[in-house]
Number of protein chains: 4
Amino acid sequence: MLQTLSNHFTACLLICCPDRPGIVAGVSQFLYQLGANILDASQHSTDPQEGLFFMRMEFRLSHDNRHTLENAFETQVAIPLQMEWRIDYSDQRKRMAILVSAYDHCLMELLWRWKNEELAVDIPLVISNHSKLETACTSLDIPFHYLPVVPDQKEAQETAIIQLLQDHQIDFAVLARYMQILSPRFVGLFPQRIINIHHSFLPAFAGARPYQHAYTRGVKLIGATAHYVTNELDEGPIIEQDVARVSHKHAVDDLVLLGRDIERQVLTRAVIAHIENRIILHGNKTIVF
Amino acid sequence: MLQTLSNHFTACLLICCPDRPGIVAGVSQFLYQLGANILDASQHSTDPQEGLFFMRMEFRLSHDNRHTLENAFETQVAIPLQMEWRIDYSDQRKRMAILVSAYDHCLMELLWRWKNEELAVDIPLVISNHSKLETACTSLDIPFHYLPVVPDQKEAQETAIIQLLQDHQIDFAVLARYMQILSPRFVGLFPQRIINIHHSFLPAFAGARPYQHAYTRGVKLIGATAHYVTNELDEGPIIEQDVARVSHKHAVDDLVLLGRDIERQVLTRAVIAHIENRIILHGNKTIVF
Amino acid sequence: MLQTLSNHFTACLLICCPDRPGIVAGVSQFLYQLGANILDASQHSTDPQEGLFFMRMEFRLSHDNRHTLENAFETQVAIPLQMEWRIDYSDQRKRMAILVSAYDHCLMELLWRWKNEELAVDIPLVISNHSKLETACTSLDIPFHYLPVVPDQKEAQETAIIQLLQDHQIDFAVLARYMQILSPRFVGLFPQRIINIHHSFLPAFAGARPYQHAYTRGVKLIGATAHYVTNELDEGPIIEQDVARVSHKHAVDDLVLLGRDIERQVLTRAVIAHIENRIILHGNKTIVF
Amino acid sequence: MLQTLSNHFTACLLICCPDRPGIVAGVSQFLYQLGANILDASQHSTDPQEGLFFMRMEFRLSHDNRHTLENAFETQVAIPLQMEWRIDYSDQRKRMAILVSAYDHCLMELLWRWKNEELAVDIPLVISNHSKLETACTSLDIPFHYLPVVPDQKEAQETAIIQLLQDHQIDFAVLARYMQILSPRFVGLFPQRIINIHHSFLPAFAGARPYQHAYTRGVKLIGATAHYVTNELDEGPIIEQDVARVSHKHAVDDLVLLGRDIERQVLTRAVIAHIENRIILHGNKTIVF
C-alpha cells in the first residue's frame, strides 16, 4: 500500500471528541497542508444523546514536517475541537512483554508470528512464574525471566515484574495464559496496556476453570475472549472473541485442546489490533477500527 | 436414503443403559432377527466413572413385525440390559404447537419450512397472547388461538393453553419468542416437550433484555440458544446455539435485527433435531445425535 | 444514529479518482461549508501502481442546501480532482424489481424483510416465468407479472420484461433464483443494476446444477454467491459469499435444502449493501464499504 | 473414555460391503464373543442404487484375544458379508513423514502439536528441497533430509525420497506446502497415503498461485483444502476444507498471510482424521467419520 519514499514515514492518529460538523474537514485539511497523504481512515459516531466522535487516520508524511506535527495539531485542531488524541509512528516499534505460566500455546503462536514478521513489535523479554518455557524463548534470543510465585511473597514477585517492565520501557504486556491475578497496583500502572486472553466466551464462565463449567452446562459452542485488564476480574473491555462448535462427544480435556486453538487466534488478532493502533477505549468498551 | 417398500416403515430407537460389552450386539441381533435393516446408528459412552451408554438406531422394518416389536424388545433386550428406551415411528407424525407473542420471525421461519415440507410434523394450532399474527397462520389453514394475558388472570390464560395442548394431543410445543414465563405447573406437564429460543448465547445474558446487556458489555459476538424449558429460567438443557459477529458499529437495534437471523436458524435446527428423535436428555445436558 | 431534524435529509456520496493528497480534505471541506455533518466515511486506496482512491461518505444536510449541492460539488471538487462520483438521497427510495422462477425461498426472504422494514426500498413488481408464486406477492399487494417462456419466443418474453422494468422506473432488479439466462441486450440496459444469486461458491461450480457437481466432487463446504450480472455467465463482480459445512451424509437433496439457507442470507446481505449504496465497482471486482 | 486395563488395547475396524440386513449384528456379535467393548461406532449407507455400507468401530479388547482376531474376523464375518476391511491398533503408532519446501507454517503447526502430544504418531523424518527449516526439525530431534531439486535430476531426487520413505517404513506422508509435483510413480507407491494441503477452496483456483487468482477474481472468502494426492493434480479426494472472510482491503500478500492460518488448521484436522482412522475412500470422495 505504501510507496517507499526514503524520507517519508507513516503515522496513525486516533481522536475522540464531541461530534459536530467540521471534524473530518479540520483534521484532513490540517494534514493536507502539511503534505500528508491519508492512507486509511475510519470513524464512528455514538448516538446523538452521547454525541461522541471517534476517528483513526493513517497517513504518510515527509520527515521534514515531523517535528512540527504534534504541536501544530494540538494548537490548530485539537484544542478548537476539544479532542483527546494520540499519534503513533510506524518507525517507532512498540515494545511488548509477554507474561506466561506453563501452557505454551499462546506464547508459541506469538513468537512464531513475530519471527515471521507478522507482528511489528520488539519483544525485549518474556516473564514467567515457571521455568518450563525458557528454551522456547532463549532459542529465539528473547531474554526469559523466571520469577516464581513463592507463598507470602507474591507482592515481591509482582514488584520485580513491574520493575522489569519499566526497566525495559515496555509499551504493553500480553498475558499469554499467565495464571496469576494482577494486583490493582500493577494494573493501575499500565492502563489499557495489558491484554489478557480468557479461555471462555465472556461474560459466560468468568473466573476459574471455564472449560469445566462449559462442560457442566452443556453448551454447544466454546469460546475465548481477549480483553484489556482492569481491576474487575474478567470484566475489562473486550477486544476480540471467537467460538468453536462442540458436542456431547467432547470431554473436558477435549474442550481444553479445542480451546487452545481459539485462544491462539483470538489473542493474535487482539495483539495485532493493538499494535496497529486500531483500538480506542470508550468507557468499558472498545472501538476496534 | 430409504427404499420405498410399500409395506415397510422406518422407526427410531433411543436407548440409555449402563455401559457394558454386548449392547450393540444385543440390539442389532434383535433387529436382524426381526428382519430390520439398520439405516443409521450413533452411540455415545460417558466416562467410565459414570459408565452410561446412549444409542440411536434408525431402521426399516415390514409392518408384519410391528405389533410384536415393542413387547419383544422389552423382554428380550431392554430388561436384561437395564435399558431406558423409546421408539418412534416415521409414519406417526409428531404434533407440534407453536406459542408466540408479537415478533413474527421465528414463527414465519417455522411455518415457511413446514409449508415447504422441511418439517415432518403436523401443526394443529398456534397460540398467542397477541392477535397480531393471526392472518399469518390462518392463511396457511393453521388455527390461531388468541389468549391475551389479562392482569390477575395469567393463571387462567395458562390453564386455557394447557387445555388446548391437551385437547389437540400435542407432542411438543415451541416457544417461538413467546414472552411469558411458564409456571412450574405448565412445565411439569410437558417434560422435555417444550423448546424455547433464548436471544442470547446462554449462560451469558440470561433473563430479560439480552441484546441491551450484550451492547452494554461490548461483546464482539452475539448469539441465540434453543433449549428445553425447565423450572429454572434459561437454565434448561441446551439443544443448539450459534453466534454472529458484531462490532462497535451495531446499536442495540442492530443487534436485535441481526439476532433475529440467528434465532431463526438456531430454533429451526433444534426443532428438526427434536422431530427426528435425535435428542436424548442426560441430566441437564443433551446428547444430540 | 441520525438526529431527526425535520428539514434535514441524509445523502450518500460515492467517489473514485486518482489517489493524491487532499482528496479527503477537499470533499470534507466542501461538505462542511455547506453545513453538512459527516455520519460515516470509508475509503480505500489501491496499490500505488494503479493509484486509485475510492470513498463513501454519508452525511446529513438541510434541504436548503440541496439544490446547489450537486452542481457545486461538480465544479469545486469533482473536476479539479478528476472524480467519477454519484450521490444518493435517503428520501428517494430505490425501486427494486424481483425476478423469480419456481423456488420461493429467496423471494420469501426478501418479501418478509421488506414487510418488516428491513429493506428500505419500494417493490413495484415481481416478474416470474411461472405462475406459482403469484399469491405470495399479491397477498402483500405487490403486483405479480406472469411471463412464461414459450419455445421460440424467449426474446419476446424478455422484451416484455424490459418494458415492465422501464415502465416502472426500476432502479435495480434482483434475480431471486430466476432460472433464465438474460441476453446481452437485457444486461446491457441495466449495468451494475441486476443482482443474481448463484447457488455455489463461485468460481467453483459455475453453470448449471452446482449442488450435483459439489456432491460428485465431494467438497466439505457448499456455498452461495451474490454477484452483479454481466454478459459472462457467472463471471460478474462478486458482492457477497458464504458457505456451510457438509459431509458424506448429505445427499444432493440435502445440499439443495442446506443451500437454500445460505442463498437467502447471501442474497439478503448483497441487496442491503446495494440499497445502502455501499458497493463501488472496480473493474470486475467490488469494493463493499 | 478408556479404562486403563493393563492387558487391554483398543483397535479400530473400518469396513465397506454391500448393504444388507445383519451387518451391524454380525460385526458386533463377533466382537462381543471375543469380549470386546465397543467404544465408538459410525456408519454410512449410500443410496439404494449403489447400495454400499461403510462402518468404523472402535473397541477395547484384551491382548489374549488379539492373535486370533483378524483370522477369525475374515472367516466368520468378512467373507460371508463380502467385506473389504482393515484394522488398526492404538498401540502401533503410525509413522508419518513430512515433506516441506520453504514455508514453515504447516510444518511448525504439525511439530508443535506433535510435541504437545496432540498427534499420536512417530515422525521418523522430515524431507525438504530447501535447507532452511533444518534447525526447526533437528532442535526437536527429528532427522531432516535436504534433497534439493537440481535441473534435470528431479527424478533422482524423487527416487531418493521414495527410498527414504521406504527405509523408514513410513505409513503416510504429509505434503506441508511441498512445492513439487509428485510423479505418477511416486503417487502410485503410496495410494491414500499422501496428504496434501492446497491453498485454495478446491475446485476453485486449482493449480499454481491460487491467492493471486482469488485476488483477481475478487472472491469474498478464501480457503484451503486437504486432500489425498492422486495423479490428477488437485483432483484427489477431499478430506477437509475451511474458509476465511476477506474483502477489497486485502492485497495478495494479505491473502497469503490469512491463508496460512486456514492451511494450518485444515491440514491439522485432516492429519488427525487420518491418524485416528476416521477416513474411508469411496471412489474419489472421502467418508470422514
Side-chain angles (χ1 to χ4, degrees), chain A residues 1-5 8 10-11 13 15 17-62 65 73 76-77 80-81 220-221 244-247 287 289, chain C residues 1-5 8 10-11 13 15 17-62 65 73 76-77 80-81 220-221 244-247 287 289:
Chain A
M1 290 233 200
L2 312 185
Q3 290 167 21
T4 314
L5 301 174
H8 279 62
T10 65
L13 172 70
I15 69 168
C17 65
D19 198 3
R20 40 158 290 185
I23 303 168
V24 178
V27 174
S28 56
Q29 191 68 24
F30 171 83
L31 291 175
Y32 177 52
Q33 284 162 358
L34 244 71
N37 193 18
I38 296 172
L39 302 168
D40 195 26
S42 308
Q43 62 172 80
H44 175 62
S45 306
T46 60
D47 61 82
Q49 282 72 22
E50 194 177 30
L52 289 177
F53 178 89
F54 299 87
M55 189 164 65
R56 177 185 184 274
M57 268 197 180
E58 206 177 318
F59 54 91
R60 190 175 57 243
L61 191 59
S62 95
N65 295 308
F73 185 79
Q76 298 169 36
V77 183
L81 292 167
K220 300 299 184 186
L221 298 168
R245 191 158 284 274
V246 297
S247 79
I287 292 156
F289 283 125
Chain C
M1 292 235 200
L2 313 185
Q3 290 169 22
T4 314
L5 300 174
H8 280 60
T10 65
L13 173 69
I15 68 168
C17 64
D19 197 3
R20 41 158 289 184
I23 304 168
V24 178
V27 175
S28 57
Q29 192 68 22
F30 171 85
L31 291 176
Y32 176 52
Q33 283 162 0
L34 244 71
N37 193 18
I38 296 172
L39 302 168
D40 195 24
S42 308
Q43 60 172 83
H44 174 60
S45 306
T46 60
D47 60 83
Q49 279 73 21
E50 194 176 29
L52 289 178
F53 178 88
F54 299 87
M55 188 164 66
R56 176 184 185 275
M57 268 197 179
E58 207 178 320
F59 55 91
R60 190 175 56 243
L61 190 60
S62 96
N65 295 309
F73 185 78
Q76 298 171 34
V77 182
L81 292 167
K220 301 300 183 186
L221 298 168
R245 192 159 283 275
V246 298
S247 78
I287 292 157
F289 283 125

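It should be emphasised that the depicted structure is a prediction, and the values quoted were computed from it without experimental measurement. Protein chains get the first letters and strands the later ones, always in sequence-line order, with residue 1 at the start of each.
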- Note on the structure: Okay, C:A41 and chain A: the region with an atom under 4.5 Å from a heavy atom over there is both
- Query: To the nearest 0.5 Å, what is the distance between CZ (C:R245) and CG (C:L221)?
  - Reply: 5.0 Å
- Item | Choice from C:M57, C:M55, C:Q49, C:Q43 maximising heavy atom contacts with chain A below 4.5 Å | C:Q43
- Query: Under the ring-ring contact (aromatic ring centres under 6.0 Å, His included) test, which residues partner C:F59, sequence neighbours left out?
  - Reply: none
- Message: Just to verify, what does A:R20 make a side chain to side chain contact (heavy atoms under 4.5 Å, CB included) with, not counting sequence neighbours?
- Response: A:I23, A:L81, C:Y32
- Message: For chain A, which candidate among C:D19, C:V27, C:L31, C:D40 shows the most heavy-atom pairs at distances under 4.5 Å?
- Response: C:D40
- Which word best sums up how the rings of C:F73 and C:F30 line up, parallel for under 30°, tilted for 30 to 60°, or perpendicular for over 60°? perpendicular
